[in-house]
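Nothing here was measured: the structure is a model prediction, and the numbers come from that model. Only heavy atoms go into these numbers, but all of them, side chains included; no hydrogens, no water, no symmetry mates.
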Amino acid sequence: MKIKITAAGIFDGEGREVPIGTEVTLTEEPTGWAGRYTILSGDATDDEKVAVINPADAPQPVLPLEAKDQGGGWWAVTDATGATFGKKLRKDDAEAFNTLTDDEKVEMVSGED
């Protein structure tokens, strides 16, 4: 397993502090160093694994899309099923969004994470 030191407080066998950014190859995960390293390769625990979502598998909006008031000064873009897409908006941006064509609306929400 290959790890990268990301925080201070890791010492080598001679008592010298290992510099942050140092990459080390180990036979097993050093759980005693938790929070002070990242795994670059090898086994990772479930908490350290990151899901990768294929954009083709991402939910697609069902027309029509409309920005609706969510209260507290925030608006959300929802589709015909009630699913929310894109980031929250303020009133002026939401009203402008609602004037776009369906194609423009889909393009706007598809380009956001």
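The minimum heavy-atom distance linking Gly35 with Ala7 is given by the pair O-CB, 4.3 Å. Across Val18 and Asp12, no two heavy atoms sit closer than the pair CG2-N, 3.8 Å. Residues Asn98 and Lys105 come closest through the heavy atom pair O-NZ, 3.6 Å. The two residues Ile20 and Ala8 come nearest to each other via the heavy atoms CD1-N, 3.7 Å. Contact detail for Ala76 and Lys88: the closest heavy-atom pair is CB-NZ, 4.0 Å. When all heavy atoms of Val109 and Pro61 are compared, the pair lying nearest together is CG2-CG, 4.3 Å.
With Glu17 contributing its side chain and Gly9 its backbone, the two residues share a donor-acceptor pair below 3.5 Å. Between the Thr6 side chain and the Arg36 main chain, a donor and an acceptor come within less than 3.5 Å of each other.
With a 4.5 Å cut-off on side-chain heavy atoms, Val24 and Tyr37 do not count as touching.
There is no path of hydrophobic side-chain contacts, each under 4.5 Å, that joins Val106 to Val62. The hydrophobic cluster containing Phe85 also contains Leu100, counting ILVMFWY residues as joined when their side-chain heavy atoms lie under 4.5 angstrom apart, directly or transitively. Hydrophobic clustering (side-chain heavy atoms under 4.5 Å, transitive across Ile, Leu, Val, Met, Phe, Trp, Tyr) groups Phe97 together with Leu63.
In this structure, Ile3 CD1 and Thr38 OG1 are separated by 8.0 Å, a value rounded to the nearest 0.5 Å. Between atom NZ of residue Lys2 and atom CD1 of residue Ile39 there is a gap of 13.5 Å, rounded to the nearest 0.5 Å. To the nearest 0.5 Å, atoms CG (Asp79) and CD (Glu66) are separated by 11.0 Å. Considering CD of Glu104 and OG1 of Thr99, their distance stands at 8.0 Å, rounded to 0.5 Å. Distance check, rounded to the nearest 0.5 Å: CE of Met108 to CG of Asp93 gives 8.0 Å.
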Exercise for the section: Decide yes or no on side-chain hydrogen bond (donor to acceptor under 3.5 Å, both in side chains) for Asp103 and Thr101, but give the supporting numbers first. Expected result: CA-CA 5 Å; Asp103 290 339; Thr101 66; 5.3 Å; no

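Under a cutoff of 6.0 Å and an axis angle of 45°, Arg90 and Trp75 do not form a cation-pi pair.
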